[in-house]
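Below: one structure, written as structure tokens.
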Amino acid sequence: MLFKEFALICDRLEGISGRLEMIDVVAGVLPSLDDSELPLFVRFVMGRIFPDWSPLKLGIGPNLLYEAIAAVAGIRKEAVVDAVNRTGDPGKATEELLAVKTQMSFFTESFTLSDVYREFEQMAQEEGKRSQRGKIGSVRKLLANAEPREGRYLARLLMGELRIGIGEGNVRDSIAKAFGVPATDVEHAFQANNDLGETAVLARKGPEALRSVEIGIFRPVRLMLAQQGTLGEMVADHGAVAAEFKYDGSRFQFHRKGEKVMVYSRKLEEVTNALPDVIRALLPATSHDVILDGEAVAEKDGRPMPFQFVLRRFRRKYDVESKAGEIRLVPYVFDILLRDGQTLIDLPYTERRKILEETLSDHVAPHVVSGEVKELEAFYQRALDAGHEGIMVKALQSPYSPGVRGRMWAKIKPEVDTLDLAVIGAEWGEGRRASLFGSFLLAAGDSGELVPVAKVATGISEEMLSALFEIFREKVISREGKEVRFEPGEVFEVGYSEIQASPNYPGGFTLRFPRFIRLRDDKGIGEIDTLDTIRYRYRRQQKSG
């Protein structure tokens, strides 16, 4: 498939608002692609380039993109920034500027999806001091060879946001429709291999190929997630449940095969070298080949330390051993996904827990099983007294569903009214904060799109504002007056007093008295709360009021 054909399809999808019509369009395209292009199309149409488990990252920021556009269009970089500010979209700005470009193209041949992917792959593999020059060269080559419409979607792919409203659910259903296989089989394969592109190739082979997919060591799968809830609701819905401490640490996935070990973060980034103390703790605790799910907690004198201490260790690349002496990370393991080649995620919680206790001699997270709310409340108080956030409550029959935030798991903590939201923009501050971003625009997820729901300015210390400015200054993609828009990528946890219906926000809701809790740089955009979650909480709030 030529990239110009892909751009035409995206242009058509961008003009469609109905989910079913989108699915029909994508499903109509998939069977025409060969096995080399099919996974590329599937990832690209979701605004992704590499599978979530892949270590490859483009490493392209707005400034690098603008420099490349300027070179190809034969204009100053400031003119590119002006165009992005005016349109609010790097893609549309690129399309406009390529329509009037004066510089000759490097090549005259049209390029295919595979050509584009090879350039992306080369960018991701660029390392060292000269890597930025190499990346700019690759971006220039693509843009110089692009028609204006192609430029729109190339720029958006480079920024990781295609803006056509196609999310994982739509693509899953498109794959099922295109190849006449059950959507549940597509979902099973995707949960195991963590790549809808590869899943589409399997779907062409039929249901059995999808059902036979199992998780594998050294290919991380997405973590199962929990909704906020109450003990009463969980007991009413499930009867007896399991309760575990909810740690203020950072999730990790521990993979072992023989003596080889790799550890992955919540974002599925490899962090093996940053966590030698976690590895030293878990290696002697089992002789099996395993994939374990757990939480790394910073502890001092037997008490947990704040979450930020954990992040310092996860980020660290150098001088790790000396810092391990300063900040001790203790692993608490609460689930097992694979043992000695056997995939366990489809087993109920009770069976996985039994296997975990048989497999791991130490560092298994404590838990209780009960259908009595008072007994669970006592365990909850025990967790708080120990300095933890609260408890996790899990249905005994629950399978391990990678990437799913379902009602089988619930988190219970004193401040239940928090949301994890994407940071998509900001406003400059005033007075002493005039040189910093003073408030931040937050968005929830909705079928692959980011929908604004609130602004937050309170709860952010001067020190944190300075730190956030350093993080976001390189992510600005447009400016208009006091407002800036960011390349999405960072997540805030925010508290609030209640959810309100609001005509001022596209999603129809906003937060009353939003308050910054913390930067969740252990979470990716794919893990933010959705509009569906906000609607559910709004309805529950109305009933309780």
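A distance of 6.0 Å separates CD in Q342 from CD1 in I355, rounded to the nearest 0.5 Å. Separating the CG atom in L2 from the CD atom in E5 is a distance of 4.5 Å, to the nearest 0.5 Å. Of the inter-residue distances, the one linking T286 atom OG1 with I336 atom CD1 reads 7.0 Å to the nearest 0.5 angstrom. With rounding to the nearest 0.5 Å, the separation of CD1 in I291 from CG in L344 is 9.0 Å.
Contact of the F440 side chain with the E490 side chain is not registered, since no non-hydrogen atoms from C-beta on lie closer than 4.5 Å. The shortest side-chain heavy-atom distance between L275 and L329 falls under the 4.5 Å cut-off. Put simply, the side chain of F111 reaches to within 4.5 Å of the side chain of E150, judged on heavy atoms.
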Side-chain donor-acceptor pairs of residues 58-79 under 3.5 Å, sequence neighbours excluded:
| from | atom 1 | to | atom 2 | distance (Å) |
| --- | --- | --- | --- | --- |
| N63 | ND2 | E474 | OE1 | 2.9 |
| Y66 | OH | I477 | O | 2.4 |
| E67 | OE2 | R133 | NH2 | 2.7 |

Which side-chain N or O atoms in residues 20-34 pair as donor and acceptor under 3.5 Å with protein atoms at least two apart or in another chain?
| from | atom 1 | to | atom 2 | distance (Å) |
| --- | --- | --- | --- | --- |
| D24 | OD1 | K177 | NZ | 2.3 |
| S32 | OG | V29 | O | 2.6 |
| D34 | OD1 | S36 | N | 3.0 |
| D34 | OD1 | S36 | OG | 2.6 |
| D34 | OD1 | E37 | N | 2.9 |

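No donor-acceptor pair closer than 3.5 Å links the side chain of S401 to the backbone N or O of V404. Of the possible polar contacts, none joining the N193 side chain to the V213 backbone as a donor-acceptor pair under 3.5 Å is found. In this structure, R156 contributes its side chain and G151 its backbone to no donor-acceptor pair below 3.5 Å. With D11 contributing its side chain and A7 its backbone, the two residues share no donor-acceptor pair below 3.5 Å. Side chain of K135 to backbone of M123: a donor-acceptor contact under 3.5 angstrom is found. A donor-acceptor contact shorter than 3.5 Å links the side chain of S212 to the backbone of A209. Not one N or O on the side chain of N194 forms a donor-acceptor pair closer than 3.5 Å with the backbone of D52. Of the possible donor and acceptor atoms, none in the side chain of R266 sits under 3.5 Å from a partner among the backbone N and O of L268. Looking at Y153, its side chain never comes within 3.5 Å of a backbone N or O of G91 through a donor-acceptor pair. Checked by atom type and distance alone, the side chain of D529 pairs as donor or acceptor with a backbone atom of D420 at under 3.5 Å.
Classification of the F44-F120 ring pair by plane angle, with boundaries at 30° and 60°, yields perpendicular. Ring pair F469/W428 is tilted by interplanar angle, where 30° to 60° counts as tilted. The aromatic rings of F486 and F472 sit parallel, their planes meeting at an angle under 30°, below the 60° perpendicular limit.
The list of ring pair (Phe, Tyr, Trp, His ring centres under 6.0 Å) pairs with a residue in residues 165-190, not counting sequence neighbours, is empty. Sequence neighbours left out, the pairs with a member in residues 215-225 that pass salt bridge (charged side-chain N to carboxylate O under 4.0 Å, His left out) are E168-R222, E198-R219. Sorted by first then second residue, the ring pair (Phe, Tyr, Trp, His ring centres under 6.0 Å) pairs that include residues 13-41, not counting sequence neighbours, are F6-F41.
Salt bridge status for E14 with R163: absent, with no side-chain N to carboxylate O gap under 4.0 Å. For E493 and R518, the salt-bridge test passes: some basic side-chain N is under 4.0 Å from an acidic carboxylate O. Taking 4.0 Å as the cut-off between side-chain N and carboxylate O, R204 and D35 count as a salt-bridged pair. In summary, E95 and R149 do not engage in a salt bridge, as defined by a charged side-chain N under 4.0 Å from a carboxylate O. Ion pairing of R152 with D89 is absent here, as no side-chain N (NZ or NE/NH1/NH2) approaches a carboxylate O to less than 4.0 Å. We find that E208 and R211 are joined by a salt bridge, their nearest charged nitrogen and carboxylate oxygen being less than 4.0 Å apart.
Counting non-hydrogen atoms of other residues, nucleotides and ligands closer than 6.0 Å to NZ of K205 gives a total of 12 or fewer. Few gaps surround NZ on K267; more than 12 heavy atoms of other groups in view lie less than 6.0 Å from it. Residue-environment remark: CD (E480) stays at or below the threshold of 12 foreign heavy atoms within 6.0 Å.
Evaluation of the side-chain hydrogen bond (donor to acceptor under 3.5 Å, both in side chains) rule for D446 yields no partner, not counting sequence neighbours.
Defined by atom type and a distance below 3.5 Å, a donor-acceptor pair is missing between the side-chain atoms of Y349 and D335. Between D522 and S265, the side chains place no donor N or O within less than 3.5 Å of an acceptor N or O (distance only, hydrogens not considered).
Stacking of K260 on the aromatic ring of F218 is recorded, both the 6.0 Å distance cut-off and the 45° axial limit being met.
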Does M1 form a side chain to side chain contact (heavy atoms under 4.5 Å, CB included) with I9? I'd like the steps, not just the answer. CA-CA 11 Å; M1 172 181 276; I9 294 165; 3.7 Å; yes
